[in-house]
Structures are given as C-alpha cells and as structure tokens.
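Working notes for the structure below.
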Amino acid sequence: MDVTHILEGMNDRQREAVSSPLGNSLVLAGAGSGKTRVLVHRISWLVEVEDVSPHGVLAVTFTNKAASEMRHRVEQLLGISVRPLWIGTFHGLAHRLLRIHWREAKIPQSFQVLDSDDQLRLVKRVMKMLDLDEQKWPSRQAVWFINTAKDEGRRPRHIDTGGDLFNITHLRVYEAYEEACQRGGLLDFSELILRSHELWLENDDLLRHYQNRFSQILVDEFQDTNAIQYAWLKVLGSRAGLMAVGDDDQSIYGWRGARVEHIQRFSKEFQGVTIYRLEQNYRSTGNILKAANALIDKNQDRLGKRLWTAGEDGDAILLYAAYNELDEARFIAERTREWIDGGASPGDVALLYRSNAQSRVLEEALLRLSIPYRIYGGLRFFERAEIRNALAYMRLVANADSDAAVERVINTPPRGIGDKTVERLRQHAREQDTTLWRAANDLVADRGPADRGPADRGPADRALAGRAANAVKGFIELIDSLTEQCEGKNLEEIVRLAIDNSGLMEFHGSEKGERGLARKENLEELVAACGEFGGAFVLPIDPQGLPSQGTEDLLSEFLDHAALETGEHQADSNASSVQLMTLHSAKGLEFPLVFMAGVEEGLFPHRMSLEEPGRLEEERRLCYVGITRAMKQLYFTYAETRRLHGSESYNKPSRFIADIPADLMQEVRIRNEVTRPLSPAWEDDEGSLRLGQRVAHPRFGEGVVLNCEGHGERTRVEVNFEQVGPKILMLSHANLELLNDS
DNA sequence: AGGCTCTCTCTTTTT
DNA sequence: GAGAGAGCCT
C-alpha cells in the first residue's frame, strides 16, 4: 500500500509518532510542533496501514472546535466519511453514551444537560430550601465544592467532612442538589463524565462492548485531563492502544481540576508506553522561541523539553510601557493599523489578555481606527438571556415538565405571575412530588380544598388568588397552544412560533437603547441557526449494534447541542478581523502578530494566583502559551496605571517580563505623545506638562503624571508619587515642578 | 405585580 | 462597572 502521503513532509520524530506500534504511546508535543497534524495522520495510519476499522477509533479533545477540526482534517486525508469514528470532547462523548444507555445509567430518557448557569440557579434554589444564609454561604462557592468533588469522582457518600462546618454545609448542599438533579433528570457537565464512568463500572457487558470496540484511543491535550476524565480513559482504554498527546508546559486548566501529573501517571500505569518528543517548532521565530524557553525555564515542575527552530531569529520582542490602559489600547490599535496598512490581513493579528474585562478598551481603540475585530469569550451566544429564554420555550414544547424552563420563562415576558405565585407552585409541586408544570395545571384546574398547607399558613396560601390563577392559566394555554402549533413543524418554524407567540421577540426587541436591537438580532440569529441545524447533526446511534433506544426528534437534539456547544465562539482563523481573546482561549491557535496586553503584576500573574507557587507556575505556563502563539512578531504591553472594575490600580510590570532575557527585547518609547487631548488650560499654562512627565511636589516628592481631567481653573492632575503613591491634585494649586526625563 | 432606584458585592481563566 | 438583590412607589 502506498502510505507515502501519510508520512510525507514530516520530520523524523513526527514520523515515528505517527507510525508508532499499536500499543500505548505518549507524545510530548511542544507548542507549534505539529501536534494536531500528528494526531490526524496517526488516525489515517491506523486505518490505512494498520487496518484498524474506523469503528474502532475514538479520539478525545477538549474543545468542540478541536474536535470539528480533527474531524475535518481526517476526512480530508482519508477521503472517507468520519461518521464511524467517535471524535469529540469528553463531554460530548459521555453525553452520547448516556443518550444511548440512559436506562442503564438510571436516568430518564428525556434527561437534560445543565450548563453552568442552570447549575448555579439550581444550587441557589437548593440552598434557599436548606435555609442557608446567602451572605454566609455564597452559592458560587457551593458550586465550586460540588464540581470539584465530581471532577475527582466523588459522590456525597465519598466525602469526609472531617467535622468541618464548611465541608458539612457544602456536603448538605451537594446531597440536596444531587437529589434535585436526579428527580428532575438533570445532568451538569461534570455529571456527564462521572455518570458515564459509573455506567461502565456497573455494567460489565456494556464496558466490555466498548472496550472491544475501541481498540485505538487518541487523546489530545492530555495535560488538561482531570481525575474523572483520567479514570474514564483508564477504564475504557485498559485493553486498547492509547496515544496521549500533550504538553506539560501548556497545562493551564489546573483551576478546573486538570492535573499535569496525569502525564507521568500515564507512562507508569499504562503498559509499555513509548515516549515521543516533538521539539521542533514550525511556527515562531528564533527570538520568540528563545523567550518562551527562557520563561518556562523558571518553572520547577517540568518534564523538560526545549523547543528549537531551523528558522531565522526574526525581530526582537517589543515592549511598550503605557501610561494607562487607554494609552495601551491606542498603541496596540495604531501598531495593528500599521501592520494592516503594510498589506497584512487583520486576521493575522491577535490581541491576547488575561481576563475578559480587559477587552473593552481594546475594542474601543480598534473601533476608532476602523479596524475590523472579533471578540471571543465573555457572554457566548447560547448564554445570552434572550437566547436562553427562547430555548426555554422550545424546551417546554419538547417537555413541559422541565422545571428549569418553567422557572425561567413563566413570567418572561411579564404576565402577572410574581414571586408569590411561583413560590406557591413550587410548594405544591414539592408536596405532590411532581413538576412545576403539573402543579400549575393542578392548581388552576381545581382550586378545591384538596391541598392543605401547613397549619401556620393562612388560607390564602392554599390556592391561587383569582388574578394569579388567570395569569397561570394564560401561561398554560400559551404553552399548550404553542406545543400544538409546533406539531409537525421543522426546527426553524418552531423557534419562530416560540419567540413570536410567547411575546419574547416583542419584549426583548422593545428593551431600551441598543440593547433591544441587539437582542432582537440575536433572536433572529437563533432562528437562522435553527434553520442551518436541520439535518447537519448526526444522530448518536451506535452503528455497531446496541440499539439506541428511541430516536429523538431534532428539537431535543438542538437543545442538547445548545447546552454542550456553549460557544462556537472559538477563534475562527480564516476570519478577516483582528482576534481579541483571553490567553486561555488562544491555546492551539497561531498568529503572525500577537499583542499580549496588561502584562502587569496582579493582572498577569493574576493576584488570585500569587499566593501558591503551583498556581503561579500555571500563570507562567499561560504566558508561555501566549508567547508561543506568535509567529513573526510579539509585543508585550503593560500600563502603569489601570482602571479596572471601577477603580484605579497601579501595577508594576509583570515578573514574566523580567524572566525574558533583555537582549531579546526592545522597549518602544514614544515620548512626546499624549494619550488624550488636553484641555486648553492645560496646554496653555503648562505646555510642557504631559502624561508620563516626571514632576516634583513640595510635600509629596517626585512622581509621574498619570492623567488629567477637568478644565481651566478646575483642572486636576493625577500623579503617582514614589513615596506616597497616587494623588489627585488641583493643577492650579499643586505647585508642581517639572523634571527632566531620566 | 411591576418597575424604579439604590446599595451591595465581586471581581480569572471554561467544557 | 456591572449585575444582583432589596426597598419603595405606582
């Protein structure tokens, strides 16, 4: 057989990895070393050379984007449909298993996937039921407790509280939450994996079936696996050949339970693991690589790896010290403009930052220079309120017993069903051990003396007041008629009916300002998305027998899709716009020109990570990921003062800058410029005073001018004094002495 | 019930 | 600075 096309154009290490024997292997693949390529070609190799049936191949990734890219490239290379291969994210694959084996997994066929927002809401409600003080017990913390436990494979019964009140309380929440999930047929993200893991452990035949079926397993981004995912792989892959591909230096999801140690554990716990190292980098210039290597060298816990390139050194890394975040943004936008004017595509440029909150000023600066851009992260499409509302109506059409959906839209748009009424429905549902939907129907249908509240409640609590009853009746009729009208309709028609009949479109569309318009557009986009969804999504039926129980309709499938595919908003490399994203979401991507903004102590490394050495190392790895995204030119920028979250902060340049050898870096100095137009008084009286100017004050000593605001007599300047820190002074009274730049 | 304002908190990263 | 929640007015 002619296999040259599979190994063509690869270096020796890549070739070895691709053609590795069928057993277990670990590929330590540095940034830009052709990792995805190796994975894709490995699959081809397995199928074409080793004669592995496509049925027998399972490939796991962490993001939906990586999964679809892999699917694409395998399809191209193999020239066959990838339908029989299982390629997906851990969550996607686990979900697929549970859809097939819901009975064995002891969950209702109509189970619903909870996304993080749903989860938070539910935890909040559970905590309210437990009468926990929200001040003392923040719900986010409880969510964190639950998710951490699940990510480590721990059910409530496995938890040892050690008599600690914190643990005891959260364990109670965990138990109650789990009960609520079980009752409502709700599975959160971690539950998908945990549950499918248990599914195998408790069903020998089933496990054996999948162990036999998947003879070859490939795992991407192995350094990102958490305990339960590792256990999942270990159970499934105990008899398979497993190829784990990862890079310990790019492990940036420790906060989500990922453990780099799984790389080491893998080579110990799996048999005969062959290790391959991909260290030749095809992406970045020599200088960029040197910087990356020097930086990551400061970390203690490493498997050890050194990237090299056969290419040129390239330009120095440029560093710009901005006066403030506006100046930083302006600088980045201007340099981007120059780059584009020089003939490059906007899509070649990435603006990376530590946290989403930084994106706004960058966005505004790009806007001013009319540079097309695209922001990733922040609120994703399916997380927007209007979209979630629409989905809730769609969910009610599919399954009116979904409490989460009823809670969400029973009074959205407002139709006269307030807290009191909903609380009464909840109470009734609890007493009758039924769903909100049924409780509502009950209470409206017969308001007889049947149900009695606790003795200490007044009679008014037992039934719904006339007005409320009518409102609830209206809601029930709306859903009933909607369901009826949706009968036999396609997905697009269903959303249309849902958003029009419910009044959502009108409600959101008439919200004040641009918001209303944006929401309306989003809803229209949802309609379009439903249109496209059509038949494109392949039903998760196991082609190897094991009958899938019950074919689901497209509507339920779409709702699952919306829950799992939270984004679709991962960067699109062929988009012709500047890409703004967090360092986390930049992993796996590459750009000729990269700006890393806000490289300041406290921001990056983030202040939340400063205490623990382990977390600091993770921040450094994050920086390493950022640096290695750059192909030709890399900029670091930081601001001496930054307005973030409503207050000013003064940060030192990040330690990461100092980690990089000075000879690789060059500082950009633009002295006689100011960041914003100065008021006339400012210019007239103090022509030579500018932002960044060094000044001396009789009392406070020396400092740097950070900002100015106000006009004429009332002009105020902000000066960061070396001795006493930042002060805002009235310019006319401050008596500042101008100093020369050093 | 709903809408308004005021106050408070929480500020990382995401499948 | 934004979003959530409480309190007050209609």
Side-chain angles (χ1 to χ4, degrees), chain A residues 60-67 88-95 113-117 119-121 124 128 134-135 138-141 143-144 147 150-151 187-193 220-221 224-226 228-229 251-258 352-361 376-380 382-383 385 410-422 465 467-468 470-472 507 511-512 515 563-570 581-587 598 602-610 615 618-619 621-623 625-626 643-649:
Chain A
V60 196
T61 63
F62 274 80
T63 66
N64 292 305
K65 170 148 185 280
T89 62
F90 274 105
H91 297 91
L93 295 173
H95 174 251
V113 179
L114 284 187
D115 63 28
S116 14
D117 194 62
Q119 186 188 28
L120 182 64
R121 283 162 160 272
K124 270 188 183 156
K128 207 169 213 163
E134 291 172 38
Q135 299 290 308
S139 44
R140 314 192 124 273
Q141 206 163 49
V143 167
W144 180 85
N147 288 339
K150 288 192 176 188
D151 285 344
L187 279 74
D188 60 44
F189 285 139
S190 312
E191 184 72 28
L192 290 171
I193 298 170
D220 193 11
E221 309 279 14
D224 288 337
T225 50
N226 64 30
I228 189 66
Q229 288 162 341
S251 160
I252 54 176
Y253 287 105
W255 52 275
R256 212 167 70 185
L352 309 182
Y353 36 80
R354 177 67 234 268
S355 61
N356 281 309
Q358 288 169 252
S359 66
R360 234 178 66 183
V361 272
Y376 297 90
L379 260 200
R380 290 195 235 344
F382 286 116
E383 288 170 347
I410 191 167
N411 202 33
T412 311
R415 50 174 70 87
I417 305 174
D419 286 346
K420 277 260 159 57
T421 309
V422 176
R467 198 192 293 175
N470 278 335
V472 173
F507 173 67
E511 280 180 83
K512 61 178 177 218
R515 191 182 203 132
L564 282 170
E565 195 97 3
T566 43
E568 154 284 296
H569 280 205
Q570 277 146 340
M581 68 189 89
T582 63
L583 288 152
H584 281 88
S585 40
K587 189 158 80 157
L603 224 201
F604 189 33
H606 198 274
R607 54 181 68 75
M608 304 305 270
S609 304
L610 291 177
R615 305 203 47 177
E618 180 155 316
E619 294 279 315
R621 291 193 292 269
L622 191 54
C623 187
V625 167
R643 188 174 198 86
L644 202 59
H645 307 306
S647 61
E648 211 93 13
S649 57

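Here the structure is a predicted model, which is why all the values come from computation and not from measurement. In what follows, chains carry the letters A, B, and so on, assigned in the order in which the sequence lines appear, proteins first and then strands, with residues in each chain numbered from 1.
Here CG of A:Asn356 is found 11.5 Å from CE of A:Met581. Values are rounded to the nearest 0.5 Å. Taken to the nearest 0.5 Å, the CG atom of A:Asn64 stands 7.5 Å off from the CG atom of A:Leu564. The NE2 atom of A:His606 lies 9.5 Å from the CZ atom of A:Arg615; values are rounded to the nearest 0.5 Å. Going from atom CD1 of A:Ile252 over to atom CZ of A:Arg621 covers 9.0 Å, rounded to the nearest 0.5 Å. With rounding to the nearest 0.5 angstrom, the OG1 atom of A:Thr63 is 7.5 Å from the CD atom of A:Glu221. We find the CG-CD distance between A:Asn147 and A:Gln119 to be 4.0 Å, quoted to the nearest 0.5 Å.
Phosphate proximity of B:dT15 to A:Ser116: absent, as no side-chain N or O sits under 4.0 Å from OP1 or OP2.
In this structure, CG of A:Leu120 is placed 15 Å from C1' of B:dT11, rounded to the nearest angstrom. For A:Asp188 and B:dT14, the CG to P distance is 19 Å, given to the nearest whole Å. One atom, CG of A:Asn411, and another, P of B:dG3, lie 9 Å apart when rounded to the nearest Å. Regarding A:Asp419, its CG atom lies at a distance of 13 Å from the P atom of B:dG3, rounded to whole Å. The interatomic distance linking A:Glu383 (CD) with B:dT14 (P) rounds to 10 Å, in whole Å. Counting to the nearest Å, the C1' atom of B:dG3 and the CZ atom of A:Phe507 are 11 Å from each other. When rounded to the nearest whole Å, the span between CD of A:Gln358 and P of B:dT12 equals 12 Å. A straight line from CZ of A:Arg621 to C1' of B:dT13 spans 13 Å, rounded to a whole angstrom.
Projected onto DNA chain B by closest heavy-atom contact, A:Pro414 and A:Gln229 fall at different nucleotides, the more 5' of which corresponds to A:Pro414. Residue order along DNA chain B, read from the 5' end via each residue's closest nucleotide, puts A:Ile417 first among A:Ile417 and A:His584.
Side chain of A:Thr89, nearest nucleotide from B:dT12, B:dT15, B:dA1: B:dT15. Closest contact between the side chain of A:Ser355 and the listed nucleotides B:dG2, B:dT13, B:dT15 involves B:dT13. The side chain of A:Asn356 lies closest to B:dT14, out of B:dG2, B:dT14, B:dT15. Closest to the side chain of A:Phe189, from the set B:dG2, B:dT15, B:dT12, is B:dT15.
Stacking of the aromatic ring of A:Tyr253 onto the base of B:dT13 is not found under the criterion of centres within 5.5 Å and planes under 30°.
For DNA chain C, the span of nucleotides reached by chain A at under 4.0 Å from its heavy atoms goes, 5' to 3', from C:dG1 to C:dG5.
Between A:Lys150 and A:Asp188, at least one side-chain nitrogen of the basic residue sits less than 4.0 Å from a carboxylate oxygen of the acidic one, meeting the salt-bridge criterion. Ion pair A:Asp224/A:Lys587 flagged as a salt bridge, since at least one NZ, NE, NH1 or NH2 atom sits closer than 4.0 Å to an Asp/Glu carboxylate oxygen.
Residue contacts shown for A:Asp224 are absent, as no nucleic acid heavy atom lies under 4.0 Å away. Heavy atoms of A:Arg615 sit under 4.0 angstrom from at least one base atom. Using a 4.0 Å heavy-atom criterion, one finds that A:Lys587 contacts no nucleic acid atom at all. Backbone-only contact: A:Thr421 has heavy atoms under 4.0 Å from sugar-phosphate atoms and none from a base.
Looking at A:Gln229, its side chain does come within 3.5 Å of a backbone N or O of A:Asn226 through a donor-acceptor pair. Looking at A:Glu619, its side chain never comes within 3.5 Å of a backbone N or O of A:Phe604 through a donor-acceptor pair.
Comparing the same atom, P, in C:dA4 and in B:dT13 gives a spacing of 16 Å after rounding to whole Å.
Between A:Phe189 and A:His91, the ring-plane angle classifies as perpendicular under the 30° and 60° cut-offs.
For A:His606 and B:dT12, a side-chain-to-base donor-acceptor distance below 3.5 Å is absent, hydrogens and geometry of angles not being considered. Below the 3.5 angstrom threshold, one finds no donor paired with an acceptor across the side chain of A:Arg256 and the base of B:dT13.
Looking at DNA chain B, the stems built from 3 or more consecutive Watson-Crick or G-U wobble pairs, each pair with its key distances under 3.5 Å, are B:1-10 with C:1-10.
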